[in-house]
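Below: one structure, written as structure tokens.
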Amino acid sequence: MATLVGSPWMRIRVLPEVAPPFFRKSSFYKLNISKLGRNFPIYASSIPGPIDALPKKVEGQVRVRFAPSPTGNLHVGGARTALFNYLFARSKGGKFVLRIEDTDLERSTKESEEAMLQDLSWLGLDWDEGPGVGGDYGPYWQSERNAMYKQYAEKLLKSGDAYRCFCSNEELEKMKEIAKLKQLPPVYTGKWATATGEEVEEALAKGTPYTYRFRVPKEGALKIDDLIRGEVSWGLNTLGDFVIMRSNGQPVYNFCVTVDDATMAISHVIRAEEHLPNTLRQALIYKALGFPMPYFAHVSLILAPDRSKLSKRHGATSVGQFREMGYLPQAMVNYLALLGWGDGTENEFFTLEQLVEKFSIGRVNKSGAIFDSTKLRWMNGQHLRALPSEELTKLIGERWKSTGILTESEGLFIKEAAELLKDGIDLVTDSDKALSNLLSYPLYATLASSEGKPVVEDKLSEVAASLVAAYDSGDLHGALEEGHAGWQKWVKNFGKSLKRKGKSLFMPLRVLLTGKLHGPDMGASVLLLHKAGTCGLVAPQAGFVTLDERFKMLREVDWEAFNKDQPHLESAATASH
């Protein structure tokens, strides 16, 4: 509820919904939008009819909107606002409307608009009305609604709630300077608010440019019950008469947003807290035009780790950037939902469908949310590993082929490699390094490292001699051909022959066969290396060291040199890198 206090105005009741269409149907052509959002052509729409035919209220109808300005990339803050609107609409069986606020003609671009639409579609936030979909409340671009804004501005002029202001820019600047000297808010002094009809006619006759100013009550206060922040109030004496139409005929933001939300039957306005100050102007316009007001809910800002407003200086901040970096849409949606919202449990893993089921505006936190890129990366890994095996293999296989590590994107080798390496992959792009590490053989760096020294000193040369003999005899090759069962049988017998088991057996084997001290399951790794040497999928530039080449290197190792004290030992990780 919003209330004007201490003024001659009546109480303003905030109604949760306004009514069904009262404009004739827009002449949109329906466009099926793919999840990748390839193209979004702009279609002209019919101009709405007379402004006096107000709709009847429909109890329980939920309609929300996301209204981006196409002046740049879709920021993660805007994406979260869109998500909260989407979740609220879907959880209430309502409508999610997309409106393009493109009245800033100098900064708005078609490219930015298309990128935004593609990002929203990629996130899975499909809109019920708007660009490419149409609807009964169009047009859905503000630039196509100018005739309507002018009609409503004229209505306010006739009712006396607005007046023409012929002040020049110089006069307005002088008013600001005087107010600053008096330590007063820079409000309009009202020079033309009390002008006579003759004075106005004289200015019109001279062709003096003018704006339309809204006449603000000089006394009282406005209160609203914000669904997130509770009661918020403003004193009307801090505002001053504000412009609703510029001298070039273009509407000011607060005016066209109010007209759009009312005529599009928006029941709940869920937006960022930076729009909270705009609510005072908009509420006054709602009242003057006789529009029922929606519920308001102002979501906190997304902050950087230093608690400043998240910006480009903190790294990637747009949805498109995260998409290019290899993040999954379901992970982005999951993480954005948790920035200021939770279901009251310790659970942090949600699908979009689960979010719709659990979302409540009452659980949105009014304090700022910290954007943690490390946690986002971790969450992406959780969603990546939760993908069906076929989908995960397809994603990673296509990545390996596109980056030139493999020559094909499908096959048993790729499936087994993806399954083995997935636990070390948080982003699809991580798969390049994971496979390259598996295919590499930094044996000498590991033997020379400080971490490798205890393994070398544990008679590694004797294990190496027995391993080379097993390879030369064909025993190891035969075991690898048999697969996992053959490998296990061979390892067991090999350990018995050396009287080794557990770590004293597997650590030297890992170093000798993989060239590393750590990594995924050794048996699966060696079996994959064997397949890599026979499947013909590994590209020449991948840096793959085959088993034959590895055993050739083992035969040439000068074990005495590695057993001597070495003064400049590197860590295995540094040397390998």
Side-chain angles (χ1 to χ4, degrees), residues 17-34 37-49 51 53 55 61-72 74 78-79 81-83 85-86 88-90 94-105 107-123 125-152 250-271 275 282 291 294:
E17 61 280 309
V18 279
F22 61 97
F23 295 147
R24 65 178 183 269
K25 192 169 185 178
S26 303
S27 57
F28 279 101
Y29 296 96
K30 189 167 183 179
L31 174 66
N32 290 325
I33 299 173
S34 73
R38 293 172 186 150
N39 291 299
F40 296 87
I42 307 300
Y43 294 107
S45 302
S46 58
I47 299 299
I51 64 174
Q61 184 187 55
V62 169
R63 288 174 59 81
V64 298
R65 50 72 166 178
F66 177 58
S69 299
T71 56
L74 179 61
T81 299
L83 174 62
N85 275 279
Y86 174 90
F88 185 74
R90 293 288 178 266
K95 298 293 184 182
F96 175 51
V97 179
L98 178 62
R99 184 175 72 229
I100 305 299
E101 296 187 345
D102 59 346
T103 50
D104 187 344
L105 301 178
R107 297 176 61 223
S108 297
T109 67
K110 181 71 175 295
E111 293 75 20
S112 178
E113 180 182 323
E114 290 180 353
M116 282 188 175
L117 298 181
Q118 288 170 352
D119 286 343
L120 288 171
S121 188
W122 177 70
L123 290 170
L125 307 184
D126 300 323
W127 49 98
D128 302 299
E129 299 174 24
V133 180
D136 294 330
Y137 292 79
Y140 293 94
W141 290 266
Q142 282 188 340
S143 60
E144 297 180 15
R145 300 170 68 87
N146 276 337
M148 185 198 315
Y149 306 137
K150 290 176 182 176
Q151 287 179 316
Y152 278 109
Q250 287 295 312
V252 171
Y253 170 79
N254 281 301
F255 180 59
C256 50
V257 164
T258 304
V259 171
D260 287 342
D261 285 344
T263 57
M264 287 184 173
I266 300 303
S267 65
H268 296 73
V269 174
I270 304 171
R271 59 189 179 186
H275 289 288
Q282 293 167 15
F291 290 139

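Smallest separation of non-hydrogen atoms from T103 and S143: CG2-N, 4.4 Å. Shortest non-hydrogen contact noted between F96 and D126 is CD2-O, 3.7 Å. When all heavy atoms of S267 and V62 are compared, the pair lying nearest together is OG-CA, 3.3 Å. Annotation for S112 and T71: closest pair OG-N, 3.5 Å, computed over non-hydrogen atoms. When all heavy atoms are compared, the tightest approach of T263 to F291 is CG2-CZ, 4.4 Å. Pairing each heavy atom of G130 with each of Y140, the nearest pair is CA-CG, 3.6 Å.
A 4.5 Å side-chain heavy-atom check between D104 and S69 finds every atom pair outside the cut-off. Between E114 and T109, the closest side-chain pair of non-hydrogen atoms is not below 4.5 Å. Looking at L83 and L123, their side chains never come closer than 4.5 Å, going by heavy atoms from C-beta outward.
Remark: side-chain polar atoms of R99 are not paired, donor with acceptor, to backbone N or O of Q142 under 3.5 angstrom. Side-chain atoms of D102 do not come within 3.5 Å of backbone N or O of W141 as any donor-acceptor pair.
For the residue pair N254 / Q282, a side-chain donor-acceptor distance below 3.5 Å is found, with atom types taken as modelled.
Geometrically, R63 engages Y137 in a cation-pi contact, judged by NZ or CZ lying under 6.0 Å from the ring centre and within 45° of the ring axis.
Taking the salt bridge (Lys or Arg N to Asp or Glu O under 4.0 Å) definition, one finds that R90 meets it with D128, sequence neighbours left out. Taking Y149 as the reference, D260 meet the side chain to side chain donor-acceptor pair (under 3.5 Å) condition, with sequence neighbours excluded.
With rounding to the nearest 0.5 Å, the separation of CD in E111 from CD in E113 is 10.0 Å. With rounding to the nearest 0.5 angstrom, the CZ atom of R65 is 14.0 Å from the CD atom of E129. The distance from the CZ atom of F66 to the OH atom of Y86 is 14.5 Å, given to the nearest 0.5 Å. A distance of 10.5 Å separates NE2 in H268 from CG in N85, rounded to the nearest 0.5 Å. Interatomic distance, T258 OG1 to I266 CD1, rounded to the nearest 0.5 Å: 12.5 Å. For the atom pair CG (L98) and CE (M116), the distance works out to 10.0 Å, reported to the nearest 0.5 Å.
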